[in-house]
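Count residues from 1 along the sequence. Quick note: numbers below take in every heavy atom, side chains included, and nothing from hydrogens, waters or symmetry partners.
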Amino acid sequence: ANGKKKVQLKKATEAEFLAQKKHVPKKKSSSTPQQKKKSKPSYPKVPRPTNDKDAEKYYDMIEQFLQGNDKELSFSGLDGLQRKKVHQIAEQFMIIHRSDGRKGNRLVTVVRVSQHEFIEMRKQEQTLRDLVKSFGEMAKEAQLPFQTGSHGIPAVLDRGQLKEHIRYCSWNIEWMDYFFKDDATFHATNPNADIGDVDLLCKNIGAAVAEMDPDVLTILEGPGNLTRMQLFQKTYLGDAFQCFGGINGGSQRIYILVRNDSKVKNPEVYVEGDTYMSGSWHFDVTGSLELKEYNFIRRPVIVKAEVDINHEMKPIFFVGVHAKSKYIARGKRLWEGTAEEKQQYIRKSISNRRKIGAECGRLRKCLEETAFKQYSSPMVIVSGDMNDGPGMDFFEEYYLLFDSVDVLMGNSFHKEAMLFPLLNQKHFVSPEDQFSCVFDDYIDKINQKKVMLDHIFVSKVLQGVAIQATFAHKLWERYATGVDGYRPRHEYLSDHRPVFADFAISAINAEDHFDDSDWD
């Protein structure tokens with residue numbers, strides 16, 4: 001009482017004491033325990049860049065971002081060099097960074113992660129890089145057992161060695177239109193074309209195609225219309241292909257055949273490219289500085305299809321080309337005739353070569369304005385008879401004419417749209433075997449001159465996964481029973497050897513996953 005408390009003690013046994021303690025309520029604390037704060041990830045100390053306003057700005061933005069609570073920070077409207085600076089600064093801070101969108105409109109995003117997460121993600125990326133490298137080495141090893149004897153790699157390979165690859169073949173089959181009596185019937189013989197047995201010749205061509213077993217076959221000097229091409233493939237190719245092309249070119253037309261059971265799916269004429277090439281353009285054909293309207297003699301055929309890469313369908317483009325011929329009627333007589341006749345020959349030859357250059361240049365521009373503009377790093381294969389080759393002949397040397405093949409491939413100022421040759425690569429074909437035709441050159445006075453008229457060019461993404469490319473010399477020789485394989489016509493397959501290449505497309509997606517050309 002009166003502010004004083006009385007404390008009373010009572011003697012009790014230990015059991016009574018413990019029983020009583022259970023019923024005494026605990027005194028609540030008047031203070032609330034301090035809640036634990038979730039700690040932010042720590043980041044390495046990165047020195048601030050100097051003498052570079054852009055780098056200083058991006059550094060400050062990233063540092064401020066790391067002090068806040070936002071999960072991501074994005075940078076837009078930057079050019080390639082500016083994006084590279086953002087990537088480099090983010091890498092030093094050990095935070096995730098990526099580029100999204102198409103070139104010219106890319107967005108750089110940095111993502112907040114812990115150092116542990118960053119290190120683990122980099123380990124996973126390195127593991128995938130190692131797998132891609134290992135796959136490439138395995139692909140190269142897979143072709144070694146076939147590199148025996150002459151002519152480097154044989155034309156016939158066991159495709160079971162690499163089940164995921166795509167085989168592309170291109171073949172100029174000499175004057176196929178001579179095989180036909182009409183749109184529904186084949187000749188038995190055609191004395192005018194020196195073909196004693198049309199059926200035998202067609203069966204041999206079909207057997208050669210079966211041995212090469214292509215997913216896609218580009219045919220040059222094909223018959224005069226699509227109906228005839230379809231009849232040939234149905235009769236002699238087992239009705240195994242879809243046929244595209246035969247647009248123009250008189251009795252020598254271009255076709256692209258896609259195997260029905262191939263890994264190449266949903267083939268169709270690439271409308272944008274075909275529309276571009278269907279129009280005429282102006283060109284100085286003779287060198288007189290007078291521009292004249294010009295069209296393709298044989299319009300190239302472009303087929304767009306799809307291939308499955310890591311369970312995602314990706315576009316792939318196949319282009320068949322047969323450029324303007326250099327052939328001149330009565331050429332040898334003119335060349336070896338009077339001075340006036342020789343000048344006539346030279347003027348005509350120069351005009352022909354300018355036309356070849358114009359056609360290659362137009363196709364190059366078409367690809368830049370369609371496939372390479374519509375898609376980032378597209379898969380593109382261009383093949384055919386360019387009627388021109390690497391190096392310079394008499395007219396290129398003395399009349400300063402350009403090499404048309406170089407025009408088609410493009411240049412390093414637009415490297416993202418460049419095409420790369422495969423058949424002149426020593427690791428695929430030995431130099432002495434880099435030819436597709438043999439003929440007597442009356443200008444250089446070389447009999448049985450070996451020339452490379454047929455080519456396969458590919459875009460960068462396919463260049464990296466090409467596992468072989470070659471001329472089917474042995475296959476051609478096996479069916480050439482006539483003298484030197486030239487006469488009569490039914491005793492050799494064609495005046496051109498087939499060419500083909502294999503691509504390990506299953507490696508494309510993993511390889512591209514790390515390809516950021518803007519900053520790597």
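What you find for Cys437 and Asp495 is that their closest heavy atoms are SG-O, 3.5 Å. Contact record, Val407 with Gly357: CG1-O, 4.3 Å, taken as the closest heavy-atom pair. Closest heavy-atom contact between Ile247 and Val301: CD1-CG2, 4.1 Å. Taking all atoms of both residues into account, the shortest heavy-atom contact from Gly273 to Cys366 is O-SG, 3.6 Å. Smallest separation of non-hydrogen atoms from Pro300 and Met277: O-CE, 3.5 Å. The nearest pair of heavy atoms linking Leu422 to Phe428 is O-CD1, 3.5 Å.
Under the 6.0 Å cut-off for aromatic ring centres, Phe318 and Tyr168 qualify, their centroids lying closer than that.
Remark: the backbone N or O of Ile309 is not paired with any side-chain donor or acceptor of Glu312 at under 3.5 angstrom. Although no hydrogens or angles enter the test, the distance criterion places no donor-acceptor pair under 3.5 Å between the side chain of Arg228 and the main chain of Gly224. Put simply, the side chain of His473 never gets that close to the backbone of Thr470: no donor and acceptor are under 3.5 Å apart. At least one donor-acceptor pair closer than 3.5 Å links the side chain of Thr235 to the backbone N or O of Leu231. Between the side chain of Trp476 and the backbone N or O of Tyr492, no donor-acceptor pair lies under 3.5 Å. For Asn266 (side chain) and Ala305 (main-chain N/O), no donor-acceptor pair under 3.5 Å exists by modelled atom type. Under a 3.5 Å cut-off, the side chain of Asp385 and the backbone N or O of Asn172 do not form any donor-acceptor pair. A side-chain donor-acceptor contact under 3.5 Å links Ser278 to the backbone of Thr275.
Residues Met176 and Phe179 form a side-chain contact, since some pair of their non-hydrogen atoms from C-beta on lies under 4.5 Å apart. Contact of the Lys314 side chain with the Glu306 side chain is not registered, since no non-hydrogen atoms from C-beta on lie closer than 4.5 Å. Annotation: side chain of Glu340 is not in contact with side chain of Gln344 (no heavy-atom distance under 4.5 Å). Side-chain contact check for Asn225 versus Asp183: some heavy-atom pair is nearer than 4.5 Å. Taking the side chain as every heavy atom from C-beta outward, Ile256 and Ile219 never approach each other to under 4.5 Å. Trp171 is listed as a side-chain neighbour of Met212, based on a closest heavy-atom distance under 4.5 Å. Counting heavy atoms from C-beta outward, Leu289 and Asp284 have side chains that approach closer than 4.5 Å. The closest side-chain heavy-atom distance from Val321 to Thr218 is not below 4.5 Å.
Counted by atom type alone, Glu211 and Tyr479 present one or more donor-acceptor pairs between their side chains at under 3.5 Å. Side-chain atoms of Ser170 and Ser383 form a donor-acceptor pair, as typed in the model, at a separation below 3.5 Å. For the residue pair Gln434 / Asn424, no side-chain donor-acceptor distance below 3.5 Å is found, with atom types taken as modelled. For the 3.5 Å distance criterion, the side chains of Ser251 and Tyr178 fail to qualify, holding no donor opposite an acceptor. Between the side chains of Gln233 and Asp239, at least one donor N or O sits under 3.5 Å from an acceptor N or O. Counting only N and O atoms by type, the side chains of Ser280 and Glu293 include a donor and acceptor under 3.5 Å apart. A side-chain N or O of Asp182 and one of Thr185 form a donor-acceptor pair less than 3.5 Å apart. For the residue pair Asp454/His496, the side-chain donor-acceptor check at 3.5 Å is satisfied.
Both tests do not hold together for Arg298 against Phe296: distance to the six-membered ring centre under 6.0 Å, angle to the ring axis within 45°.
Annotation: side-chain contact (heavy atoms from CB on, under 4.5 Å) contacts of Lys304 (sequence neighbours excluded): Tyr270, Pro315, Phe317, Tyr375.
For residues 184-215, every residue pair satisfying the ring-ring contact (aromatic ring centres under 6.0 Å, His included) rule, not counting sequence neighbours, is listed here: Phe180-Phe186, Phe186-Tyr236. Screening residues 241-267 for ring-ring contact (aromatic ring centres under 6.0 Å, His included) gives no qualifying pairs among residues at least two apart or on separate chains.
Atom CD of Glu432 has more than 12 heavy atoms from other residues, nucleotides or ligands within 6.0 Å. The environment of NZ in Lys265 is crowded: more than 12 heavy-atom neighbours from other residues, nucleotides or ligands sit within 6.0 Å.
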Does the pair Met409 and Phe420 meet the rule for a side-chain contact (heavy atoms from CB on, under 4.5 Å), with working shown? CA-CA 6 Å; Met409 288 191 295; Phe420 301 86; over 6 Å; no
Stepwise, does the salt bridge (charged side-chain N to carboxylate O under 4.0 Å, His left out) test hold for Arg299 with Asp274? CA-CA 9 Å; Arg299 192 160 95 220; Asp274 186 65; 3.1 Å; yes
Please lay out, stage by stage, how Leu419 and Gln463 fare under the test side-chain contact (heavy atoms from CB on, under 4.5 Å). CA-CA 9 Å; Leu419 297 173; Gln463 182 197 30; over 6 Å; no
Working for salt bridge (charged side-chain N to carboxylate O under 4.0 Å, His left out), residues Glu368 and Arg364: CA-CA 6 Å; Glu368 290 178 352; Arg364 151 57 46 186; 3.2 Å; yes
Step-by-step salt bridge (charged side-chain N to carboxylate O under 4.0 Å, His left out) determination, Glu221 to Arg253: CA-CA 5 Å; Glu221 294 197 28; Arg253 304 198 177 196; over 6 Å; no
Take Trp281 and Tyr276 through the ring pair (Phe, Tyr, Trp, His ring centres under 6.0 Å) test and state the conclusion after the steps. CA-CA 10 Å; Trp281 70 99; Tyr276 190 98; 9.0 Å; no
Do Val451 and Ser436 pass the side-chain contact (heavy atoms from CB on, under 4.5 Å) test, and can you show the C-alpha distance, the side-chain angles, and the key distance before you say yes or no? CA-CA 6 Å; Val451 293; Ser436 59; 5.9 Å; no
Asp215 vs Arg259, test: salt bridge (charged side-chain N to carboxylate O under 4.0 Å, His left out). Steps then yes/no. CA-CA 5 Å; Asp215 294 285; Arg259 185 178 292 278; 5.4 Å; no
Give the C-alpha distance, both sets of side-chain angles, the deciding distance and a yes or no for side-chain contact (heavy atoms from CB on, under 4.5 Å) between Ile205 and Phe232. CA-CA 10 Å; Ile205 292 171; Phe232 180 87; 3.9 Å; yes
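With values rounded to the nearest 0.5 angstrom, Glu491 atom CD is found 10.0 Å from Asp197 atom CG. With rounding to the nearest 0.5 angstrom, the SG atom of Cys202 is 9.0 Å from the CD1 atom of Ile173. Taken from CD1 in Ile505 to CG in Leu462, the straight-line distance is 9.0 Å, to the nearest 0.5 Å. From Ile302, atom CD1 reaches atom CD of Glu268 across 12.5 Å, with rounding to the nearest 0.5 Å. Once rounded to the nearest 0.5 Å, the distance linking CG of Leu423 with CD1 of Ile456 reads 4.5 Å.
Comment: Arg489 does not engage Asp194 in a salt bridge, judged by the lack of any side-chain N to carboxylate O separation of less than 4.0 angstrom.
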